[in-house]
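Note on naming: letters A, B, ... go to the chains in the order of the sequence lines (proteins, then strands), and numbering restarts at 1 for each one.
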2 protein chains.
Amino acid sequence: MGSITPGMSPERTSSPTMRDVAAHAEVSPMTVSRTLRGDPRVSPEMRARVLASVEVLRYRRNDVARGLRTGGSSGLLGLIVTNLGNPFYSELALGVESLASEHGLRVVIGNTGGDLDRERQLVDDMASRRVDGIIVVPAGNDHAHLEPAGLHGLPVVLATHPPSGVDVDAVIVDDFGGSRSATCALIAQGHRRIGFLGLGRSMWTGAERLRGFCSALEDAGIPVEDALLRSVAPVAGAAEAVTTELLSIADPPTAVFAANNRNTLGAYRAIAERGAATALAGFDDVPLADLFAAPISVVTYDTGEVGRRAATLLLDRIAGAGQPSAHPRLVTVPTSLKDYRPACGPQAAPV
Amino acid sequence: MGSITPGMSPERTSSPTMRDVAAHAEVSPMTVSRTLRGDPRVSPEMRARVLASVEVLRYRRNDVARGLRTGGSSGLLGLIVTNLGNPFYSELALGVESLASEHGLRVVIGNTGGDLDRERQLVDDMASRRVDGIIVVPAGNDHAHLEPAGLHGLPVVLATHPPSGVDVDAVIVDDFGGSRSATCALIAQGHRRIGFLGLGRSMWTGAERLRGFCSALEDAGIPVEDALLRSVAPVAGAAEAVTTELLSIADPPTAVFAANNRNTLGAYRAIAERGAATALAGFDDVPLADLFAAPISVVTYDTGEVGRRAATLLLDRIAGAGQPSAHPRLVTVPTSLKDYRPACGPQAAPV
DNA sequence: CTGTTAGCGCCTTCAA
DNA sequence: TTGAAGGCGCTAACAG
């Protein structure tokens, strides 16, 4: 590309280097390095000369080269999520970012779209970029590629899913407890026939939420009826259709518990459509549900907290890199119940 | 799995280098380098030997060092937003990420929380990390620190705000047109007294949306009455209070246009609270508003598209880095009107 | 206090 | 086709 002039540095528009600053200030590169690092053993005059040149040349130290020399720490945290567009994960990301920032680290994001191959690819890429650690919201149950041993000790923390077969820290949500208490609340309201709109059992969250639901029923002495259990495909419109079907069986449920946000909304539409008086509760918050025409109850949790806790675990591992690794920790973020009821009676539609 | 056997790799192994691989394969580091880069002038036997060693040692090339040698490209795109927790910006981030990924680049995020100092800090940090370019959702109107000239030619693209005083590309939303057409729609419905819930005039979007509102009124021959114009502080609850006040004046408006998401929701609450039949329109989408008890109209736009367009502009600049810089481009993302009306009549609350 | 030497991990250039 | 020398920008470790 660039023509090479013998004895001269190639003509480039690139950033100045320490050598440039050193030359401008007529000192050695080391003095520039020390000054910029705040080394106290630099005389005030030198420091002033250097800083002046830095100002003039608008010099900015190359952190990449610096990291290479000082031991490979890139000052980067990897964050791999299934869908950044989903508010749950963007809030999680915000939590990670805020904690990383407090420690002078930046966050590199990767979006898998739920694709396991893409996840592997991203882990590999980030490892090659020498991030200091990775937080992953895994796309599936295969976590083999997340084993730190296979990544030369790169710390890994899972979020939302517990590790399966790998020795890593994880932050999960109290899926079981949340589902259980939401179901209990429905029972306390007098419901005895409660429908369940689940995720696949293959997903960990799906299994846990179902387990919590069943546990509540059993504690109340209510038999779990297969006829009231549904598994909803993760497709737009599926939850609504399934709910409509569920409400049309003989002896239909008087209440429904939906295992996630999407199912809750689908169920809500189906119930509203029928004009039914079916009670509805669901896992995951539904922002603004107090403006809905009908009340719903939800299991909420602090999404940002999941990110912050994951970051805390990760930073801890990074700091303790070298220690005989403590055994994996599992942190559970608590859930709480929230009742949304219309703030005021439905009013007439304008026009 | 995970049992510790003597002779196995230690807990915290430092990554192997090319030299290690070379030693293991009994070749020179250059051969490893060439093999890994897919240089065709490597004999099949050599290649096989190298790849075998790579496999055994679980070697992963250090992209940081590689970038340093090959010219400083970090393969990173900087993305600085005001609030990643806000779905608008997380969708924008998703758009940026997807385009970056298509080009083999990763995205480093930074959250300013609307703080200009933090923004400067992040720009500086990312420049030091030698990202290939930066996309910024600016926190204020001072963009001096974003001038590429001051960043040694680092490409910068603004999102959501046009550049003020700096020569950079930008992607903005059609704030004027969107506000204008939403207001026109209210007028077409017969409204002649329309309230306006604005942002500060100091913000570009605030000024533009007000301008669009006024333009629609003027075109319809309706005078702009100061008594119907409000500026809402960006504080929770402010919009609702202001709307309540606005609806209690003598000769109150029959419709309200809110300049952003928060104002729209505040106005909605205030209107619902009074049981008023005031029509409501607002800038920014309100997801799930079709489940609300009363209808609203919103100005929507593709947030992801803003991110994708910004990334496109940035990638274009990065590719053409060296060319005599073309003059700044300004891309406007179009808006559209969306009417949310309750899908079905309000039903009885199920106890 | 300041400068020199050497090398982080990799790749460009040139020689064999 | 392979290897040796040198350097990207920076900083430990050692002079002076």
Quiz item: Got more than 12 heavy atoms from elsewhere within 6.0 Å of CZ, A:R19?
Solution: no
Self-check item: Spacing between A:R19 atom CZ and C:dG3 atom C1', to the nearest angstrom
Solution: 15 Å
Quiz prompt | Residue list, side-chain hydrogen bond (donor to acceptor under 3.5 Å, both in side chains) with B:D167, at least two apart or on another chain | solution = none
Quiz item: If you check every side-chain atom of B:S28, which of D:dA4, C:dG3, D:dC8 has the closest atom?
Solution: D:dA4
Quiz prompt | Given B:R309, B:R329, B:H327, the one that forms side chain to side chain donor-acceptor pair (under 3.5 Å) with B:D169 | solution = B:R329
Quiz prompt | Side-chain touch B:V27/B:M46, heavy atoms, less than 4.5 angstrom | solution = yes
Quiz item: Where do B:I109 and B:L84 come nearest, in terms of heavy atoms and distance?
Solution: CD1-CD2, 3.6 Å
Self-check item: Listed partners of B:T70 passing side-chain hydrogen bond (donor to acceptor under 3.5 Å, both in side chains), at least two apart
Solution: none
Quiz item: Side-chain donor-acceptor pair under 3.5 Å between B:S101 and A:R118, yes or no?
Solution: yes
Exercise. Enumerate the residues from residues 124-131 of chain A whose closest heavy atom to DNA chain C is under 4.0 Å, giving them by residue number; use none for an empty result.
Key: none
Quiz item: Taking NZ, NE, NH1 and NH2 as the nitrogens, is one of them in B:R120 or B:D142 under 4.0 Å from a carboxylate oxygen of the other?
Solution: yes
Quiz item: From the list C:dC11, D:dT2, C:dG7, which nucleotide is the closest neighbour of the side chain of B:T31?
Solution: D:dT2
Exercise. Mind listing the residues from residues 32-39 of chain B sitting with a heavy atom below 4.0 Å of DNA chain C? Number order is fine.
Key: B:S33, B:R37
Quiz item: A:R69 has an atom CZ; how far is it from atom P of D:dT11, in whole Å?
Solution: 10 Å
Quiz item: Are A:R129 and A:D125 close enough for a salt bridge, meaning some N to O gap below 4.0 Å?
Solution: yes
Quiz item: Hey, which of A:V54, A:T31, A:L36 is the one that makes side-chain contact (heavy atoms from CB on, under 4.5 Å) with A:M18?
Solution: A:L36
Quiz item: Over how many whole Å does the gap from A:E26 atom CD to C:dT2 atom P extend?
Solution: 15 Å
Quiz prompt | Those residues of residues 41-55 of chain B lying under 4.0 Å from DNA chain D by at least one heavy atom | solution = B:R41, B:V42, B:S43, B:M46
Practice problem: Specify the separation, in whole Å, of atom CE of B:M18 and atom C1' of D:dG3. | Solution: 15 Å
Quiz item: For A:M30, which contact category applies under a 4.0 Å heavy-atom criterion: base, sugar-phosphate, or nothing?
Solution: base
Self-check item: Side-chain donor-acceptor pair present, B:S164, B:N141, cut-off under 3.5 Å
Solution: no
Quiz item: Looking only at heavy atoms, which two atoms of A:Y89 and A:N83 are closest? And how far apart?
Solution: CD1-O, 3.2 Å
Practice problem: Could you pull out the closest heavy-atom pair between B:M126 and B:G78, with the gap in Å? | Solution: SD-CA, 3.5 Å
Exercise. Specify the residues of residues 59-68 of chain B, ordered by number, for which at least one heavy atom lies under 4.0 angstrom from an atom of DNA chain D.
Key: B:L68
